[in-house]
Amino acid sequence: MGGVSKRTTATEPRCEGASVDLSRRLLSQALEQTADIVLITDNKGVIQYVNPAFEQSTGYPSNEVVGARPALLRSGFHDKGFYNQLWSTIASGQVFRGVVVNQRKDGSHYHEEKTITPLFGQSGEITHYVSTGKDVTDRVRVQQQLHELAYFDALTELPNWRHLQQLLAQAVQLAKRRNNTLAVLFLDLNQFKRVNDALGHAAGDRLLREVGRRLSATLREEDTVGRSGGDEFVVLIHQPKKMEDLAHVAEKLLKQLTRPYVLNGQEHRIGISIGISVYPQDQQTPGDLLKAADMAMYRAKTDGESNYRFFSSDMEAEVVDRIKLEQCLRQGVGRNELTNFYQPQYDLRSGRLTGTEALVRWRHPVHGMISPGRFIPIAEETGDIIAIGNWVLTEACQQIAEWTARGLPIKRMSVNLSPRQLAHPEIVAQVRRLIDEHPILAGNLVLELTESSLMQHPDQAALTLASLKDLGVKLSVDDFGTGYSSLSYLRRFPLDCVKIDRCFVKDMESDKAATALVEGIVRLAHSLNMSVVAEGVENEVQLKMLSQMDCEGAQGYLLGKPMPPEELHSHSMQEAAGSSCTSIGCWGSNQV
Ligand code: C2E
Ligand code: CA
Ligand code: CA
């Protein structure tokens, strides 16, 4: 802030008589009338003179400061070292230049751009110091605002990406110097885009602000939090002692951030994914630490709603794979590399094959068959799911129309609808078009929705489902039991069927609680006029138990794996001929 320049030699004006008087008068008028703040002290620093501009800027009348020291203007903004340097500069005969923050009489601060010049007597000794300055408070304020704009996110008022990078670089340097640890947490809101799309940008902004507020409120004062862009935040935890401490912080953050947010008068929940990297064990440079935390965040995201994950070195390879997969997928869709498999669904009461679920497959020319479990979540995130979902739906409609034309008994076609598809404004029109264009009965088309896609925007989902119902299609809730909703909550949606997730079916043999749960779901679903399909039936014991519970539908490897359409065709022909022994037709009639 301060600066010095070379000693200036005083020159005594060589004026005499009337001209001396004139120049003195002029000088004193200049001092009195100049807009610059002028203060003159003797060589001991005692104020001898202040001009009206000084009085105006500081609020001190001349008589209150003459005889005092300039220290009365000290604001506390500068440290002792600053003043020591200032005084040693001028005491050595040099000029001081710099911006000094001073305090007015009323306690407020002002920035003065100051020059202090020593005055020399005949024999070269310092006799006075003359300080001239300008009040640059407004200019400094504008500069500060510009700085804030450049370094702080206007929405959340947290450090922005640029600033975060600097803070991280400093933190890494400090940790290196002091042999400390440092943790970088990368936070991402799951499906924030949907909040923005559904509730509008103003609500999205409010949500981000509230996330920022909760983050700051949950963290310690000494931790750093910033918004790195969009719906991403970065937290720096200085000197974490143990991994458990970080896990504890991550859990605390998840807990606070997943509490409901009131937006447009309604409660909404969002999911959060957190990735954590630690200096020095994971990575050593700021860029690598961020990248590692980002990778861990991705892992957290693919592992489900609201998770945190620590970075591990195997993630690197996975991220590279994922990026490649993303690019390939887009090309694959264009190159017709997708294909639908169909898994038979049986009616446990009649023992007949009555329906099928379309399950998409990706035949990659090099990597072979890629399972939807790998590429659907990516497509959901990138938005490619819209194109993929449309393709699957159209293909499934064509298939069921073809089977019907060929006299196959498979009537019902279930198709998975992803959360993004459900939220898409064109979904109802698209389903309507498909029904119109294919010779199929709307009631034979079943759309499978997951609980989480219903729960994200319940009101919007309810409206869309009502319109889909009006078309005559059936609606089913998939993977039931894995979300957190209760069946009675799901009553607000016009659902026809519940698919019990295979994890409960799997546990039924060994776990009485799972059996009771499945039985409870079946009973409750029936009382709500919904039918039930059990997924993942792999053995006869499960099949029998389900049958005894009066569960009407079953699907699983025991009854048939997902298979290409022609295979399902022959499977159903064998069925009809009574020669398929894995089928429920054979099993059902003998044992139920
Ligand atoms: P999902 O809808 O729950 O589909 C059932 C999954 O369970 C299928 O896996 C199926 O192969 C598998 N499965 C069926 N019976 C059994 C069994 O007895 N035991 C075991 N262990 N597994 C069984 P798949 O085909 O890999 O699909 C995985 C998930 O990918 C599906 O789960 C669904 O969520 C998603 N998916 C598949 N196709 C589509 C699609 O066209 N659109 C959308 N949005 N998602 C799809
Ligand atoms: Ca399904
Ligand atoms: Ca399922």
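In each ligand, atom 1 is the first atom listed, and ligand 1 is the first ligand listed.
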Would you call [X] and [Y] a salt bridge, taking side-chain N to carboxylate O under 4.0 Å as the test?
X: Glu402; Y: Arg406; result: yes
X: Arg214; Y: Glu210; result: yes
X: Arg299; Y: Asp303; result: no

Regarding [X] and [Y], do their side chains bring together a donor and an acceptor under 3.5 Å, going by distance alone?
X: Arg330; Y: Gln327; answer: no
X: Ser273; Y: Asn190; answer: yes
X: Gln345; Y: Gln555; answer: yes
X: Asn390; Y: Gln430; answer: yes
X: Ser277; Y: Gln283; answer: no

- Pull up every protein N/O/S atom sitting under 3.0 Å from the Ca ion (ligand 2), skipping waters.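 Listed by chain and number: Glu357 OE2, Asn416 OD1, Glu448 OE1, Asp478 OD2.
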Show me a pair-per-line table, with atom names and distances to 0.1 Å, of protein N or O atoms that are under 3.5 Å from an N or O of ligand 1.
{"unit_1": "ligand 1", "atom_1": "2 (O)", "unit_2": "Glu357", "atom_2": "OE2", "d": "3.1"}
{"unit_1": "ligand 1", "atom_1": "2 (O)", "unit_2": "Asn416", "atom_2": "OD1", "d": "3.1"}
{"unit_1": "ligand 1", "atom_1": "2 (O)", "unit_2": "Asp478", "atom_2": "OD2", "d": "3.0"}
{"unit_1": "ligand 1", "atom_1": "3 (O)", "unit_2": "Asp479", "atom_2": "OD1", "d": "3.1"}
{"unit_1": "ligand 1", "atom_1": "3 (O)", "unit_2": "Glu535", "atom_2": "OE2", "d": "3.3"}
{"unit_1": "ligand 1", "atom_1": "7 (O)", "unit_2": "Arg502", "atom_2": "NH1", "d": "2.6"}
{"unit_1": "ligand 1", "atom_1": "15 (N)", "unit_2": "Gln343", "atom_2": "NE2", "d": "2.9"}
{"unit_1": "ligand 1", "atom_1": "18 (O)", "unit_2": "Tyr557", "atom_2": "N", "d": "2.7"}
{"unit_1": "ligand 1", "atom_1": "19 (N)", "unit_2": "Glu538", "atom_2": "OE2", "d": "2.4"}
{"unit_1": "ligand 1", "atom_1": "21 (N)", "unit_2": "Glu538", "atom_2": "OE2", "d": "3.0"}
{"unit_1": "ligand 1", "atom_1": "22 (N)", "unit_2": "Tyr557", "atom_2": "OH", "d": "3.4"}
{"unit_1": "ligand 1", "atom_1": "25 (O)", "unit_2": "Arg361", "atom_2": "NH1", "d": "2.9"}
{"unit_1": "ligand 1", "atom_1": "25 (O)", "unit_2": "Arg361", "atom_2": "NH2", "d": "2.9"}
{"unit_1": "ligand 1", "atom_1": "38 (N)", "unit_2": "Val360", "atom_2": "N", "d": "3.2"}

- Item | Of Leu447, Val428, Leu454, Val473, the residue whose pairing with Leu465 passes side chain to side chain contact (heavy atoms under 4.5 Å, CB included) |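 Between Leu465 and the candidates, side chain to side chain contact (heavy atoms under 4.5 Å, CB included) is satisfied uniquely by Leu454.
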